[in-house]
Asks: 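Here you go, one structure.
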Amino acid sequence: MNDKQSMAELLFPHITKTPDDFETQYPERDLPDGAKVTRFAPSPTGFLHMGSLFAALVGKRTASDSEGVFYLRIEDTDKKREVENGVASLVDGLNSFGIEIDEGMISETESKGLYGPYIQSARTAIYQTYVKALVAKGLAYPCFMTEEEISGIRAVQESEKKLPGIYGEYAKYRNISYDEAKARIENGEEYVVRLASPGKEENRISFEDSIKGRIEMPENILDVVLLKKDGTPTYHFAHAVDDHLMRTTDVIRGDEWISSAPIHLQLFEVLGFKAPRYAHIAPLQKEDAETGGKRKLSKRKDPEAAVEYYKKAGYPAEAVIEYLLTIANSNYEEWRLANPEAEQSEFKFSLSKMSKAGALFDLAKLNDVSKNYICTLSAEEVFDLTAEWAKEYNERLYKCLTDDEEYAKAVFAIERGNEKPRKDIGKWEDVEAYVSYFYDELWDKKLDFADNISKDDMIEIIETYKQRYDENDPAEEWFPKVREMAVELGYAKAPKVYKKNPEEYKGHVGDVAGTIRVAVTGRRNTPDLYEILQTLGVDEVMRRFDNAIAYLTR
RNA sequence: GGCCCGUUGGUCAAGAGGUUAAGACACGGCCCUUUCACGGCUGUAACGCGGGUUCGAUUCCCGCACGGGUCACCA
């Protein structure tokens, strides 16, 4: 046994497996040609960021469009950031947006798939096996520097305007002898394991990013930490080992990682792995009120950064995904226009069509996409989805809706399914205001009468109509009767007629219908009045007429 | 500061060495119309700046400016 091998044994006496054992345990995947293996690899911080969901979507589509595999791996190597049930909330988040995984964590503790464990805290022995092999080859070494020493070095480097970090002359323990290491360890000193970087300052590397194109950068020369002093791997090292062993073909991640790509590429090389393709996604931005510019959607400052925000507002998951797709591939919108009925999965997603720059997350656009989606739903579906949402977020609405399902469905059926559908509802949060006058418990009973008609005239209209209203009138006959009555009472039969000779009339049929509308609903603007009257039922309509008259008489 | 990425209307964006520089959202107007919505028509509005290369550049090259990212025993 040579010195390096002894060092490896000294550091990892408990590791008995070799990299080859894992290579055979996790063989190349047997997939069709061109199939891509992608993953979503978040930290369990208990917060699903919109940008993460976006990345997950891109990964999912990339895999499924190529008949590949999409899996969920939890990166929990930093215990400080962990949150209780963090994994479960990630799993739920993905599920609630319909992003299904082929492998990976499916609950706080369970997983499916043959390439696990899919949670990094359960993979320590694997990482250490590879580090041990690296140490045995002299490609990694224990480093006993204290934090003070390192920050001292950093200060010097900064003042001398040198590249900060541990490399070259600053890599004090790079050639530490077996005897010294042994003595220090026996002395109880703590250490990390660093890469003995083979990089040269003058070298440059390059790689082809699936989104950004060719990227060229200086080669890594830093002796980066592979294993922290608690024996746990850093992101960089875990990334290399996991994505190799899980046979990831395409690493899709935020573009904040571009700058560490040279480290990753070097790690793959040193470990003897084939590097995956990278696709670096630009972050979702938001308008910054303070600067007037754009900035990254911030978890801290922006409530809409959290996926929970959209659930709470009641944006249907399909609509959020639909919107995300329009950001991801701008030709999606065109495709959707041409194929309004098609399933999202029929769209051919392309990484290379993704924008290199960060898109501003546009709530107005989301709203539009969502309205267009909701207007295609049946009354039944709107009822189900709203009830499901209200159960969690609006109890009062939930009670109203579920107390009389048939009635609620009738309310949602108003003008629904027409060839020109209404687009009143953008999110379930809007429903309460939309349906309020159908429910005593939701309606404020304020009657917003217009002011161009006198109170006496309005009373006359309502009283007359109260006598005339026949709930058995079919839709085609209903309005002509209102018109007839309007003319009898001295109103023009049409707005145009009125406009020609305003002095001859008290107003026009719209004023008459408008008065009836306000008497019944309190509002000047509503969907089709006939359907509203039918839905309310004659008894309720009469009651409302009486109330309106009382209100006007008062 | 070093290194990297980016920059077409207010927003998302298509685009090619020569185009009237698409489309969608938002906004305005008109039409339809009993209100609203829907729909139709229509309008305002863009290639960051400076140099090259070229007959011609928004498109290619180089600078600059601006925006973003990164430089941890965090991911």
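So you know, we letter chains A, B, ... as the sequences are listed, proteins then strands, and number each from 1.
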Asks: Please classify the nucleic acid contact of A:Pro495 as base, sugar-phosphate, or nothing, using heavy-atom distances under 4.0 Å.
Replies: sugar-phosphate
Asks: Take atom CG of A:Leu284 and atom C1' of B:C12, then tell me their distance rounded to the nearest Å.
Replies: 11 Å
Asks: Ignoring backbone atoms, establish whether A:Ser260 has a side-chain N or O less than 4.0 Å from OP1 or OP2 of B:C71.
Replies: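 The answer is no; no side-chain N or O of A:Ser260 sits under 4.0 Å from OP1 or OP2.
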Asks: Which residue, A:Arg422 or A:Glu333, contacts RNA chain B at a nucleotide closer to its 5' end, judged by nearest heavy atom?
Replies: A:Glu333
Asks: Does the side-chain ring of A:Phe479 sit on the six-membered ring of the B:U34 base, less than 5.5 Å centre to centre and under 30° in tilt?
Replies: yes
Asks: Under a 3.5 Å limit for both distances, which nucleotide forms a Watson-Crick or G-U wobble pair with B:G6, could you say?
Replies: B:C66
Asks: Hunt down the Watson-Crick or G-U wobble partner of B:C60, both distances under 3.5 Å, from any strand shown, or write none.
Replies: B:G52
Asks: Between P on B:C30 and NZ on A:Lys496, what's the gap in Å once rounded to a whole number?
Replies: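 Computing the A:Lys496:NZ to B:C30:P distance gives 14 Å.
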Asks: Please check the phosphate of B:C4 (OP1 and OP2 only) for any side-chain N or O of A:Arg214 closer than 4.0 Å.
Replies: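 Checking A:Arg214 against B:C4: no side-chain N or O falls below 4.0 Å of OP1 or OP2.
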Asks: Whom does B:A13 pair with, Watson-Crick or G-U wobble, provided both distances fall under 3.5 Å?
Replies: none
Asks: Please classify the nucleic acid contact of A:Thr526 as base, sugar-phosphate, or nothing, using heavy-atom distances under 4.0 Å.
Replies: base
Asks: Please determine whether a side-chain nitrogen or oxygen atom of A:Arg154 lies at a distance below 4.0 Å from atom OP1 or OP2 of B:A72.
Replies: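 Looking at the OP1 and OP2 atoms of B:A72, one of them is under 4.0 Å from a side-chain N or O of A:Arg154.
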Asks: When rounded to the nearest Å, what value does the distance between C1' atoms of B:C27 and B:G10 take?
Replies: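 So the two C1' atoms sit 9 Å from each other.
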Asks: For nucleotides B:G39 and B:C60, find the distance between their C1' atoms and express it as a whole number of Å.
Replies: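 Comparing C1' positions in B:G39 and B:C60 gives a spacing of 45 Å.
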Asks: Round to a whole Å and report the spacing from CG of A:Asp362 to P of B:C27.
Replies: 11 Å
Asks: Mind checking whether A:Phe361 and A:Tyr323 have ring centres under 6.0 Å apart?
Replies: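 So the answer is yes for these two rings.
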Asks: Under 4.0 Å, counting only non-hydrogen atoms across every strand here, what does A:Leu163 touch: a base, just sugar-phosphate, or nothing?
Replies: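 No contact at all - A:Leu163 keeps every heavy atom at 4.0 Å or more from the nucleic acid.
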Asks: Side-chain N or O of A:Ser259 less than 4.0 angstrom from OP1 or OP2 on B:C4?
Replies: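 Indeed not, no polar side-chain atom of A:Ser259 lies that close.
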Asks: Once you apply the 3.5 Å cut-off to both distances, tell me the Watson-Crick or G-U wobble partner of B:G1, or none.
Replies: B:C71
Asks: Now, which nucleotide makes the Watson-Crick or G-U wobble pair with B:C32, with each of the two distances under 3.5 Å?
Replies: none
Asks: Would one find a side-chain N or O of A:Lys212 under 4.0 angstrom from OP1 or OP2 of B:G69?
Replies: no
Asks: Regarding A:Glu216, tell me which of base, sugar-phosphate or nothing describes its non-hydrogen contacts under 4.0 Å with the strands shown.
Replies: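 A:Glu216: backbone/sugar contact only, no base atoms under 4.0 Å.
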Asks: CG/A:Leu90 to CG/A:Leu72 distance, rounded to the nearest 0.5 angstrom?
Replies: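 The distance works out to 6.5 Å.
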Asks: Classify the ring geometry between A:Phe144 and A:Tyr191 as parallel (under 30°), tilted (30 to 60°) or perpendicular (over 60°).
Replies: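 Rings of A:Phe144 and A:Tyr191: tilted, 30 to 60°.
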Asks: Check whether any side-chain N or O of A:Lys423 sits under 4.0 Å from OP1 or OP2 of B:G39, and answer yes or no.
Replies: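 It does, given that an N or O in the side chain of A:Lys423 lies less than 4.0 Å from OP1 or OP2 of B:G39.
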Asks: So does A:Lys228 get a side-chain nitrogen or oxygen closer than 4.0 Å to the phosphate oxygens (OP1/OP2) of B:A75?
Replies: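 Yes, such a contact exists.
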Asks: Check whether any side-chain N or O of A:Arg524 sits under 4.0 Å from OP1 or OP2 of B:C36, and answer yes or no.
Replies: no
Asks: Roughly how many Å apart are B:U8 and B:A13, using the C1' atom of each and rounding to a whole number?
Replies: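 Roughly 9 Å separates the two C1' atoms.
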Asks: Taking the C1' atom of each, how far is B:G2 from B:U58, in whole Å?
Replies: 31 Å
Asks: Can you tell me how far the OH atom of A:Tyr434 sits from the CH2 atom of A:Trp428, to the nearest 0.5 Å?
Replies: 12.0 Å
Asks: When the distance from CD1 of A:Ile425 to P of B:A37 is rounded to whole Å, what number comes out?
Replies: 15 Å
Asks: Across the strands shown, which category fits A:Ser355 at heavy-atom distances under 4.0 angstrom: base, sugar-phosphate, nothing?
Replies: sugar-phosphate
Asks: Using the P atom as the reference point in each nucleotide, state the distance between B:U7 and B:A16 in Å, no decimals.
Replies: 14 Å
Asks: Within the pair A:Thr326 and B:A24, is there a side-chain N or O less than 4.0 Å away from OP1 or OP2?
Replies: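 Result: no.
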Asks: Give me the distance, rounded to whole Å, that separates B:G63 from B:C71 when you measure between the C1' atoms they each carry.
Replies: 25 Å
Asks: How are the rings of A:Trp257 and A:His236 set to each other: parallel, tilted or perpendicular (split at 30° and 60°)?
Replies: perpendicular
Asks: Given atom CG of A:Leu363 and atom P of B:C25, what is their separation to the nearest angstrom?
Replies: 17 Å
Asks: Within the 4.0 Å heavy-atom criterion, would you say A:Val225 contacts the bases, only the backbone, or no part of the nucleic acid?
Replies: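 Sugar-phosphate, no base atom in range.
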Asks: Rounding to an integer number of angstrom, what distance separates B:C41 and B:C55 when you compare their P atoms?
Replies: 44 Å
Asks: Give the nucleotide from the list B:G39, B:C4, B:C73 with an atom nearest to the side chain of A:Ile215.
Replies: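 In terms of side-chain proximity for A:Ile215, the closest of B:G39, B:C4, B:C73 is B:C4.
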Asks: What is the nucleic acid contact for A:Arg204, judged by heavy atoms within less than 4.0 Å: base, sugar-phosphate only, or nothing?
Replies: sugar-phosphate
Asks: Select base, sugar-phosphate, or nothing to describe what A:Pro233 touches, counting heavy atoms under 4.0 Å on all strands.
Replies: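 A:Pro233: backbone/sugar contact only, no base atoms under 4.0 Å.
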Asks: Quick one: pull up CG in A:Asn329 and CG in A:Leu351 and give me the separation to the nearest 0.5 Å.
Replies: 8.0 Å
Asks: Going by number, which of residues 143-150 of chain A have a non-hydrogen atom under 4.0 Å from RNA chain B?
Replies: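 The stretch gives A:Met145 as the residues lying under 4.0 Å from the strand, ordered by number.
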Asks: On the 0 to 90° scale, with breaks at 30° and 60°, tag the A:Tyr170-A:Tyr167 ring pair as parallel, tilted or perpendicular.
Replies: perpendicular
Asks: Distance check, rounded to the nearest 0.5 Å: A:Asp76 atom CG versus A:Thr232 atom OG1?
Replies: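 The CG atom of A:Asp76 sits 8.0 Å away from the OG1 atom of A:Thr232.
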Asks: Taking the six-membered ring for Trp, is the centroid-to-centroid distance between A:Tyr130 and A:Tyr127 below 6.0 Å?
Replies: no
Asks: Does B:A45 have a Watson-Crick or wobble partner in any strand here, with both distances under 3.5 angstrom, and which is it?
Replies: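 Partner of B:A45: none found under 3.5 Å.
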Asks: Are the charged groups of A:Asp368 and A:Lys371 less than 4.0 angstrom apart, N to O?
Replies: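 No, no charged N to carboxylate O under 4.0 Å.
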Asks: Quick one: label A:Arg483 by what it contacts on the DNA or RNA (base, sugar-phosphate, nothing), any heavy atom closer than 4.0 Å.
Replies: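 If one applies the 4.0 Å heavy-atom cut-off, A:Arg483 turns out to touch the sugar-phosphate alone, with no base involved.
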